[in-house]
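One structure below.
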2 protein chains.
Amino acid sequence: MRQIAGAVGVQAGALYNYTPDKQTLLLGLMRSHLEELLEATAAQPNPKRVMDRLEAFTRFHIRFHSERPDAVFIAYMELRNLSPDNFATIEGLRGQYENMLEEILHQGVADGVFDVPDPKIATLAVIAMLTGVNTWYRSGGRLSLPEVEEIYWDMVRKSVVR
Amino acid sequence: MRQIAGAVGVQAGALYNYTPDKQTLLLGLMRSHLEELLEATAAQPNPKRVMDRLEAFTRFHIRFHSERPDAVFIAYMELRNLSPDNFATIEGLRGQYENMLEEILHQGVADGVFDVPDPKIATLAVIAMLTGVNTWYRSGGRLSLPEVEEIYWDMVRKSVVR
DNA sequence: GTTTTTTCTGAACGTTTGTTCAGATAGCGT
DNA sequence: ACGCTATCTGAACAAACGTTCAGAAAAAAC
């Protein structure tokens with residue numbers, strides 16, 4: 001708490017005008033991150049053809065997450081510090097996001113475009129792969145964001161197509 | 001330290017007969033995990049055909065990591081608690097492991113079997129996807145380990161083939 | 001300009017942390 | 001049975017932790 005206060009230029013006690021305790025502060029950070037993610041996803045144009053939907057999802061995921069490295073870092077690394085109740089809340093939100101991708105994969109299978117034996121697992125596999133970008137991508141690095149998008153979209157597409 | 005000692009049935013002070021301090025203990029856990037990983041990888045049969053090499057790598061990675069959920073968890077979640085020196089050590093070992101996959105991808109491109117524009121990134125993408133298994137896989141769950149291997153091998157193969 | 005409300009400080013609290021160490025205990029070779 | 005070595009206990013230490021609160025300071029309202 002003292003570190004956080006220092007980073008905002010204030011004494012530790014002042015933080016308690018904004019949060020009842022540390023746990024609630026953490027929950028708030030995670031929850032607002034995931035709610036932003038869900039809102040932004042919903043606000044995204046939703047193409048009809050399943051291949052376009054998957055491409056939109058892939059590129060959006062990379063873009064959104066690479067713009068918020070700190071929030072993403074916290075949302076993954078601090079999961080174990082949530083109380084059981086709060087953990088369930090966060091897992092629920094994350095589940096909603098995963099369901100969006102899973103639904104795309106289901107549609108792709110139904111349309112005969114994708115070959116995915118287990119859409120639930122494929123969802124987790126794709127998201128793990130995409131979120132991995134945050135462990136190495138730095139803006140100003142060797143690859144531009146569009147180049148990264150291109151590489152990953154290529155791999156995601158191939159990994160699920162018929 | 002008191003929790004660790006308790007889990008071993010001993011007082012906290014007794015741990016200092018085995019480690020000079022907490023940081024060294026953490027480094028030891030991570031280092032031995034990664035050295036085991038490198039040894040076990042090296043001890044693995046190494047097929048000639050690049051497709052077989054990739055399959056062996058994929059299945060081995062899933063098997064090895066699913067057998068050590070705790071070590072894998074620590075090796076990823078505690079990275080930020082390493083001193084800069086120790087972090088460099090661990091990153092070096094991890095880099096060695098990644099290089100093994102990257103070399104396979106390079107061979108695949110050279111052989112005209114794989115279509116991978118950036119083998120370094122593809123390596124990170126594949127490993128992120130495979131390591132993601134540990135976040136959800138539980139032995140005795142819906143899917144057996146061979147089934148998991150099959151699903152992931154399918155996706156990995158397709159994501160890099162020409 | 002004064003009052004009222006909001007925000008922050010600075011010190012204090014009880015707990016938990018990593019670590020040390022004198023002494024107790026256990027294990028082993030002889 | 002004895003001595004030597006390896007191991008563990010239990011208390012203690014300073015530092016860091018999350019949190020509280022009376023009062024100062026700043027901002028807003030009138």
Side-chain angles (χ1 to χ4, degrees), chain A residues 1-37 39 65 68-95 131 134-135, chain B residues 1-37 39 65 68-95 131 134-135:
Chain A
M1 294 301 277
R2 276 172 247 255
Q3 277 186 58
I4 293 171
V8 194
V10 105
Q11 290 294 104
L15 296 181
Y16 289 84
N17 290 312
Y18 303 92
T19 183
D21 51 57
K22 197 191 177 189
Q23 172 75 201
T24 308
L25 176 58
L26 175 60
L27 174 65
L29 287 173
M30 290 194 180
R31 203 217 300 268
S32 66
H33 168 65
L34 287 173
E35 282 171 351
E36 263 186 60
L37 173 63
E39 277 177 42
H65 284 74
R68 299 161 171 78
D70 294 349
V72 173
F73 184 87
I74 287 178
Y76 277 86
M77 298 300 257
E78 300 293 336
L79 271 177
R80 59 170 150 162
N81 294 316
L82 289 174
S83 70
D85 275 12
N86 293 341
F87 182 82
T89 301
I90 295 302
E91 280 295 286
L93 290 171
R94 205 187 293 277
T131 307
N134 268 54
T135 64
Chain B
M1 295 302 276
R2 275 172 246 255
Q3 277 186 58
I4 292 171
V8 194
V10 106
Q11 290 293 103
L15 296 180
Y16 290 85
N17 290 312
Y18 302 93
T19 183
D21 51 58
K22 197 190 177 190
Q23 172 75 202
T24 308
L25 175 57
L26 176 59
L27 174 65
L29 287 173
M30 290 195 177
R31 204 217 300 266
S32 66
H33 167 66
L34 287 173
E35 282 170 353
E36 263 187 59
L37 174 62
E39 276 177 44
H65 284 74
R68 300 162 172 76
D70 295 349
V72 174
F73 185 86
I74 287 178
Y76 277 86
M77 298 299 258
E78 300 294 337
L79 271 177
R80 59 171 147 161
N81 294 316
L82 288 175
S83 71
D85 274 12
N86 293 341
F87 182 81
T89 301
I90 295 301
E91 279 296 287
L93 290 172
R94 206 187 292 278
T131 307
N134 268 54
T135 64

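These figures come from a predicted structure and were not determined experimentally. Labels below follow one simple rule: chain letters A, B, ... track the order of the sequence lines, proteins then strands, and each chain is numbered from 1.
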Answer yes or no: is there a side-chain heavy-atom contact under 4.5 Å between A/Tyr76 and A/Asn134?
-> no
What heavy-atom pair brings A/Leu79 and A/Met30 nearest, and what distance separates the two atoms?
-> N-CE, 3.7 Å
B/Arg80/A/Glu78 salt bridge by N-O under 4.0 Å criterion = yes
Under 3.5 Å: donor-acceptor pair, side chain of B/Ser32, backbone of B/Leu29 | yes
Return the value, rounded to whole Å, for the distance between atom [atom1] of [X] and atom [atom2] of [N].
X       : N      : atom1 : atom2 : answer
B/Gln11 : C/dT19 : CD    : C1'   : 14 Å
A/Arg2  : C/dC8  : CZ    : P     : 17 Å
B/Met1  : D/dC17 : CE    : P     : 18 Å
B/Ile4  : C/dG18 : CD1   : P     : 8 Å
B/Tyr16 : D/dC13 : OH    : C1'   : 13 Å

Nearest listed nucleotide, side chain of [X], among [options]:
X       : options              : value
A/Val10 : C/dG18, D/dT9, C/dT9 : C/dT9
B/Asn17 : C/dT7, D/dC17, D/dC8 : D/dC8
B/Ala14 : C/dT7, D/dC8, C/dT9  : D/dC8

side-chain contact (heavy atoms from CB on, under 4.5 Å), paired with A/Asn86, selected from A/Glu91, A/Gln23, A/Arg31 = A/Gln23
Between atom CG of A/Asp70 and atom NE2 of A/His33, what is the distance when rounded to the nearest 0.5 Å?
-> 11.0 Å
Tell me whether the OP1 or OP2 atom of D/dC8 has a side-chain N or O from B/Tyr18 closer than 4.0 Å.
-> yes
Mind running a 4.0 Å heavy-atom check of residues 20-27 of chain B against DNA chain D and sending the residues that fall below it, in number order?
-> none
